[in-house]
Amino acid sequence: MRLRAAVALAIVLTITPAVPAVAEDPAAPAATGSPAVPPPASGEVPATGGAASPPPEAPADAPPAPDGTPAPEAPKLEDGLAADEDGTRVIVEVTAPAEAAPVAGAAEALPESEVLLRPPDTSFIVVEATGDSLAALAADPRVVSVRRDRTYSPVSLASGLAVIGADRAHAAGVTGQGQTIAIVDTGVDADHPALGGRVVRQACFSATDGGAQSLCPNGQAEDASADAETAACVHEGVNLCDHGTHVAGIAHAVAPAADLVALQVFSRTTDCWEGETACLTAYESSILLALDHVAALKDTVPGLVAVNLSLGGGMFDGACDAVPELQAMRERVETLRAKGVAVVAAAGNEGFAGAGAPGCFSGAVTVGATADDDHVPYWSNHGPVLDLFAPGVEIDSAVPGGGTRVYSGTSMATPHVAGAFALLAQKDADDAPDALLSRLRASGRPVSYDGVSTPRIDLAVAVEGGTPAPGITPPGPEQGAVPDDPADEPVPDPSAGPQPSPGPENPSPADPAPVPLPTVTVTVTVTATPTAAAAAPVVCTRGTAKRTLTAAQWAAELTRGRGDLPDGTLGCYLRLVGKASAVFSETVRASTLGTAYRVLKPAKRTKRAVLDSELLAAWLNWAHGAVDLGAGAGGTGTVGGVLATAEKRRLAGASPGGSVSALRKYANARRTA
C-alpha cells in the first residue's frame, strides 16, 4: 500500500508554516489549510445550477436547539477520508488510554491498515489505512474521531537584547535563574558554546514510516536525545535541523541563567517541492507527545515557566479554539497554562492579520516580529490575535557545529518572549502565566497600525518598573519593508485579465464578517558562512497582481518558456496553494510545475478533472494576489465560501454541481480590467 505522504516544505533555506482550509463560519473559524474543509455559511449563494450546499455540521459539543431537540452529532471521520484509495496517515482518538491497545488490535485486523504509532498512556494511536478501513474504525464506539495527522513546519541578538532592555534586566541581576524553558523544535546542538551548557534535558518524538525518516539519534520514533547533529539531520553538507539551535540560542541570550529543555518533533522526508530533495516536517502526533512530555516534566521541574513553539499550521484571523481538528492541541495548551507554563507561539510569516496554530489559541502567547526600529516587517503576521511583538529581523544566533547564522522570522521573535517569561518568573515566582503576560503587555512599547496596538516587549520596564516608551505608529505591515527586511521581488502582471477583487486590506462591504485569510510567507536570511555579512533572504509570499488568469492561462504560465512569471515565483505559488488548500496537493498532487500543468490542462476532461482545474486556478489567482477570499460572491456569499464549497464537494467525492461555474465567475473570470 502506498501512503500519500503529507506535504512538507524544505527548510534548507526556507522556513514556512503549514496552512489549513478556508472556514466559512466566523463564529468558529476553521483551519485555513486543514484537509477538513468546512461547509459554507448559511448565507452563501449555492453554486450556479447546482444543488444547494450542505448544511453546516455541528461541533461535537454543540448545545441543544432552542426547542430542546439534541444537536446533530458531528461525524467522527474527517471529510474526504472515506473516499481515499491510496492510504492516509491518521490520528485515531479513543475514549480513554485503556482503549488504545484494543482499538489498535482492531485496526491491525482491517485490510490495508497498519498501526504506525501506539504511544503508552495516551488516548490516540496513529494508523495508515485506506478509506474503507478508516470508515470501519470510525464506526467503532471506542473511537472518538479519525482525522489526518497534519504536518507543521518551522515558522521562518546583541542589538535586539538592547532594544527590549534585556541588558538592563541582566545588570539588575535578573537572568532567569532557577527557571526552565522548553524548546519544541528541530532539536538542539547542546554542546554549542553559545548555549553555555544550559541544555539539561532532552527528548525526541519523530514520526517514522514509509514516507518519513526519524530524526531521533537512535533512528526510532522516540529517544532521550534531541541532538541536532545526528546524521539524519545532514543533507549534502547542510544541517536541516539548525532552526531549533537558533531558537534556543535566542532564548538563552535573553535568559542566560535559565535551563533549557530540547525537544525534537520533526521528521525528514523526500516528499518535497520541486527542486528540493530533502525537507523536514512535524506531524501533529509528534507535537502532541512533546506537549504531554512538557506537562509531565512540570511536575518534577517547578521552574519550567515557558515552552517555545516556533512552528505553526493554518491561518486564522481570530481565535481557533472551536476548530474541531485542533481540539487535542488546544487541550494540551490549556493543560500547560493551568500548570503554570506559558505556551509561547510564533504568529507566522504570512503578512496578514492573523496567526497559525498553536498561536491562534486564546490560551497561547502569540508573538509577531519587529525590526530594531520597531517597524513591523511586511511578512510578519499582525493584528488583534497577537499578544506581543519582539525583535525578529536579521537575528544572529547559534546553529549546529559551533557557528552562527542570521535568520529573520516570527520564529526568532518568539524565543525573545519565552526568555522574557523566565526573567519575570525569577522575580515573581508565584505569578501565573496570565499575570506575567499582563506585565509584559503593560510595560511594552505600543506599536500601532491599522487601528490595532500591539506592545513590543520592554524587559527593563517590566523588571525595574517605570513608564513604557512612547508609542510608535510605523507604516502598516503591508506598506513596505523596513531597511533590513527581505527585498520584495516584483511579480509581473499579465497584459490582460479580469477586474481585480478588493484586496485583503480592503474587504468587500458585502461580507463584513471576518473570514480566515490563508497565506504563507517563507522568510529566512542565511549567511554564506558564520562570519559573512547577512545575505538577502529567501522570500515566498503572495503576489500583488491586479488581474486574474483563467485555468488555460495558468497552464500556459506553467509551460517553460511561454509564461511571464519565473519558475521561482510559480514554485512559491504552488507552495502557498499546498498549504492553503485541502485538495492540493495532499489529495491531488500539484506540487511541481509539471504535475500542476497536468491538473490545469487534463488529458481527459471529466467532471472531476474540470473541477480540479478550476479549483487550482482559483487558488493560484489567490496566491498571485488578484483574488480576495473575503470579497462578495453574490448575495451574502464570499469568494472564500465558493472555494470552501468546491473543496468540500471534491473531498466528499460528490458531484461538482455548480462549483465549476461559480469558480469561473468569481475567481477565474476573464474581464477587462
Side-chain angles (χ1 to χ4, degrees), residues 164-166 169 172-184 201 251 254-255 257-261 263 288 290-310 319-321 326-347 355 357-368 384-390 413-444 454-466 468:
I164 65 173
V174 182
T175 56
Q177 185 70 41
Q179 308 306 310
T180 300
I181 303 167
I183 308 292
V184 177
R201 293 173 179 82
V254 176
D259 288 338
L260 299 174
V261 177
L263 294 108
L288 297 181
L291 295 178
D292 286 342
H293 183 84
V294 174
L297 197 60
K298 176 65 174 179
D299 296 334
T300 57
V301 184
L304 180 55
V305 65
V307 54
N308 190 100
L309 289 152
S310 288
C320 60
D321 296 8
L326 298 178
Q327 291 310 298
M329 189 177 294
R330 182 192 66 81
E331 289 168 4
R332 284 160 173 82
V333 169
E334 291 300 332
T335 295
L336 288 167
R337 182 183 175 198
K339 281 176 167 274
V341 180
V343 178
V344 188
C360 55
F361 295 127
S362 58
V365 179
T366 310
V367 185
V385 72
L386 265 64
D387 292 294
L388 297 164
F389 276 128
T414 304
H416 282 85
V417 174
F421 270 90
L423 298 191
L424 295 191
Q426 175 193 343
K427 195 167 186 296
D428 297 289
D430 294 331
D431 281 0
D434 288 355
L436 299 179
L437 174 59
S438 295
R439 285 178 54 192
L440 285 172
R441 288 182 57 84
S443 59
T454 303
R456 189 266 296 149
I457 61 170
D458 188 330
L459 288 172
V461 177
V463 169
E464 299 177 323

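Just so you know, these numbers use all the heavy atoms, side chains as well, and skip hydrogens, waters and symmetry mates. Everything numeric in this text was worked out from a predicted model, so none of it was measured.
- Rounded to the nearest 0.5 angstrom, T454 OG1 and F389 CZ are separated by 4.5 Å.
- Taking every heavy atom of both residues into account, K298 and G340 meet most closely at NZ-O, 4.0 Å.
- Remark: the backbone N or O of V344 is not paired with any side-chain donor or acceptor of N308 at under 3.5 angstrom.
- In this model, a donor atom of one side chain and an acceptor atom of the other lie less than 3.5 Å apart for S362 and D321.
- Taking both residues in full, the closest heavy atoms of A355 and C360 are given as O-CB, 3.8 Å, listed atom of the first, atom of the second, then distance.
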>> For M329 and F361: C-alpha separation, side-chain torsions, deciding distance, then whether side-chain contact (heavy atoms from CB on, under 4.5 Å) applies.
In response: CA-CA 9 Å; M329 189 177 294; F361 295 127; 3.8 Å; yes

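- Across T180 and V301, no two heavy atoms sit closer than the pair OG1-CG1, 3.7 Å.
- Residues A390 and V417 come closest through the heavy atom pair CB-CG2, 4.0 Å.
- Here CZ of R441 is found 11.5 Å from CG of D434. Values are rounded to the nearest 0.5 Å.
- The two residues L386 and A347 make their nearest non-hydrogen contact at CD1-CB, 3.7 Å.
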> Given the rule in the side-chain contact (heavy atoms from CB on, under 4.5 Å) test, do I181 and I183 qualify, once you have shown the distances and angles that lead to the verdict?
Replying inline: CA-CA 7 Å; I181 303 167; I183 308 292; 3.9 Å; yes

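- Judged by distance alone, with hydrogens and angles left aside, the side-chain atoms of Q426 form a donor-acceptor pair with the main-chain N or O of G173 at under 3.5 Å.
- Note: Q327 CD to E334 CD = 10.0 Å, rounded to the nearest 0.5 Å.
- Annotation for A342 and V365: closest pair CB-CG2, 4.5 Å, computed over non-hydrogen atoms.
- The shortest side-chain heavy-atom distance between L436 and V305 falls under the 4.5 Å cut-off.
- The local environment of CG in D299 is crowded, with over 12 non-hydrogen atoms from other residues, nucleotides or ligands closer than 6.0 Å.
- A distance of 6.0 Å separates CG of L309 from CG of L291, quoted to the nearest 0.5 Å.
- The line from CG of L388 to CG of D458 is 11.5 Å long, rounded to the nearest 0.5 Å.
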> Between V294 and L304, is a side-chain contact (heavy atoms from CB on, under 4.5 Å) present by the stated rule, with each step listed?
Replying inline: CA-CA 9 Å; V294 174; L304 180 55; 3.7 Å; yes

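- The structure places OG1 of T175 at 7.5 Å from CG of L423, a figure rounded to the nearest 0.5 Å.
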>> Determine whether V174 and L424 satisfy the following criterion, side-chain contact (heavy atoms from CB on, under 4.5 Å), listing intermediate values before the conclusion.
In response: CA-CA 8 Å; V174 182; L424 295 191; over 6 Å; no

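- Using a distance-only test at 3.5 Å, with no hydrogens or angles considered, no donor-acceptor pair links the side chain of R439 to the main chain of A435.
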